[in-house]
Amino acid sequence: MWAGFIALVISLLALDLGVFHRKQHAIGVSESLKLSAFYICLGLAFGGFVWWWMGPDSGLKYLTGFVIEKSLAVDNLFVIAMIFAHLAIPREYQHRVLFWGILGVIVLRGIMIGLGATLVERFEWILWFFAAFLIYSGFRMLFAGEADQAEEEHAVIGFMRRNFRVTKRLHGDRFFVRRPADREGKTVLFITPLFLALVVIEVADVIFAVDSVPAIFAITTDAYLVYTSNVFAILGLRALYFALAATIERFRYLKHAIALVLMFIGSKIVVADMLDIAKIPPAISLGVTAVLLTGGVAYSMWRTRGEAPFCAEDEGSHPRA
């Protein structure tokens, strides 16, 4: 099963890079919606396979994990939009950054999930730590503003610019370029803002993974379900970004719903122990998660009705001089 899943992911990445986006171009909303629907359907279909092969309980756990990870991935889109806008990355180059960024995320999540699975297996009490951390993360997310996230991004960008050679402008879709470093004309390797965006996105995902990995372990400790639900949620993130980028401000209150989901997932471990039951049924977890997220989307759309959509690319459609 592991070998089959890894082969499927490699095939999807090769298909994406070698067929769908062989030529560099700006991804439109129509293409983005089709790709998003494809990846969501694929993730749900894999959930059907898990249900058939591993049983209904595992199927519900996978589906709950997929929904939670997808919602946390959507929250990550707000940060990605700010990064692209701040570094003035044109729309036609954003797919390249996101492709390699997601490839890195798949590897990093695998390492973090492997470490988490080992800790849970050896120290069962670590689930209580995860529960407390999720509740804390939920409260922090409820009251943290965009300024806090921007400060973290600017800290990473400042560190990179201080410690590495970074060009002031883009050089097409290249991550690195060679340029003269002194009067003698000796050329050295420079980082372009495109690679800088990739680094910041990877760092941002590590920060988000600190919330998302404990959240999925609070649903199930099966490493296969944890990793597959994570990867399928991440695979469609790139396509979903281009579909939502133009209207991302319409979902400004979704963050509060995600915060409540994290608090619920963390508290259900405590409640299960207080009620002296092994676990809260997966169907209840999935139902509460779906209600909270649906409510967050509906409330966001209602509160922002009539507002002109904000497009992150409007700020970052042209490279800075």
Side-chain angles (χ1 to χ4, degrees), residues 72-109 111-112 133 136-137 140-183 186-213 234 237-238 241-242 244-245 248-249 252 255 258-259 310-321:
L72 288 168
V74 170
D75 187 47
N76 202 3
L77 296 182
F78 290 86
V79 176
I80 292 174
M82 287 190 290
I83 292 170
F84 283 150
H86 180 75
L87 294 174
I89 305 299
R91 190 180 181 89
E92 60 266 27
Y93 299 145
Q94 291 175 4
H95 173 267
R96 176 172 167 80
V97 176
L98 290 173
F99 176 85
W100 291 107
I102 287 173
L103 190 61
V105 167
I106 290 174
V107 175
L108 290 173
R109 289 289 177 96
I111 294 172
M112 296 182 72
F133 183 77
Y136 163 75
S137 297
R140 184 190 62 188
M141 189 179 290
L142 276 176
F143 300 106
E146 292 183 359
D148 299 320
Q149 292 179 334
E151 186 176 344
E152 294 174 353
E153 297 162 27
H154 293 163
V156 176
I157 294 172
F159 173 82
M160 293 292 292
R161 290 193 183 278
R162 287 192 304 270
N163 293 276
F164 299 92
R165 298 185 181 93
V166 183
T167 62
K168 293 183 179 181
R169 63 181 182 85
L170 291 169
H171 291 263
D173 63 350
R174 299 169 67 182
F175 287 136
F176 305 97
V177 293
R178 284 195 169 274
R179 296 183 58 187
D182 51 35
R183 294 179 180 178
K186 182 181 178 181
T187 60
V188 296
L189 199 64
F190 276 76
I191 292 172
T192 69
L194 205 65
F195 185 77
L196 185 57
L198 175 61
V199 172
V200 179
I201 287 174
E202 293 289 357
V203 172
D205 182 77
V206 170
I207 296 172
F208 272 89
V210 173
D211 291 334
S212 67
V213 171
I234 292 167
L237 177 62
R238 181 180 61 263
Y241 170 78
F242 292 102
L244 297 181
I248 202 165
E249 277 295 295
R252 69 182 63 163
K255 181 182 293 289
I258 295 173
F310 167 80
C311 183
E313 280 69 26
D314 290 344
E315 295 184 31
S317 58
H318 300 286
R320 291 178 180 175

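Counting all heavy atoms, side chain and backbone alike, Tyr93 lies closest to Ile89 at CB-CG2, 4.3 Å. In this structure, Arg96 and Asp173 approach most closely via the heavy-atom pair NE-O, 2.6 Å. Residues Ile234 and Arg109 come closest through the heavy atom pair CD1-NH1, 3.5 Å. What you find for His86 and Ile157 is that their closest heavy atoms are CD2-CD1, 3.4 Å.
Here the side chains of Glu202 and Val105 are in contact, with some heavy-atom distance below 4.5 Å. Between Ile83 and Val97, the closest side-chain pair of non-hydrogen atoms is not below 4.5 Å. The shortest side-chain heavy-atom distance between Phe84 and Leu98 falls under the 4.5 Å cut-off.
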Could you pull out all donor-acceptor pairs under 3.5 Å where a side-chain atom in residues 192-200 meets a protein atom, sequence neighbours excluded?
| unit_1 | atom_1 | unit_2 | atom_2 | d |
| --- | --- | --- | --- | --- |
| Thr192 | OG1 | Arg174 | O | 2.7 |
| Thr192 | OG1 | Phe175 | O | 3.2 |
| Thr192 | OG1 | Leu194 | N | 3.4 |

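For the atom pair CZ (Phe176) and CZ (Arg165), the distance works out to 13.0 Å, reported to the nearest 0.5 Å. The line from CD1 of Ile102 to CG of Leu108 is 12.5 Å long, rounded to the nearest 0.5 Å.
Scored by the side chain to side chain contact (heavy atoms under 4.5 Å, CB included) test, Arg178 finds Thr187, Leu189 as partners (sequence neighbours excluded).
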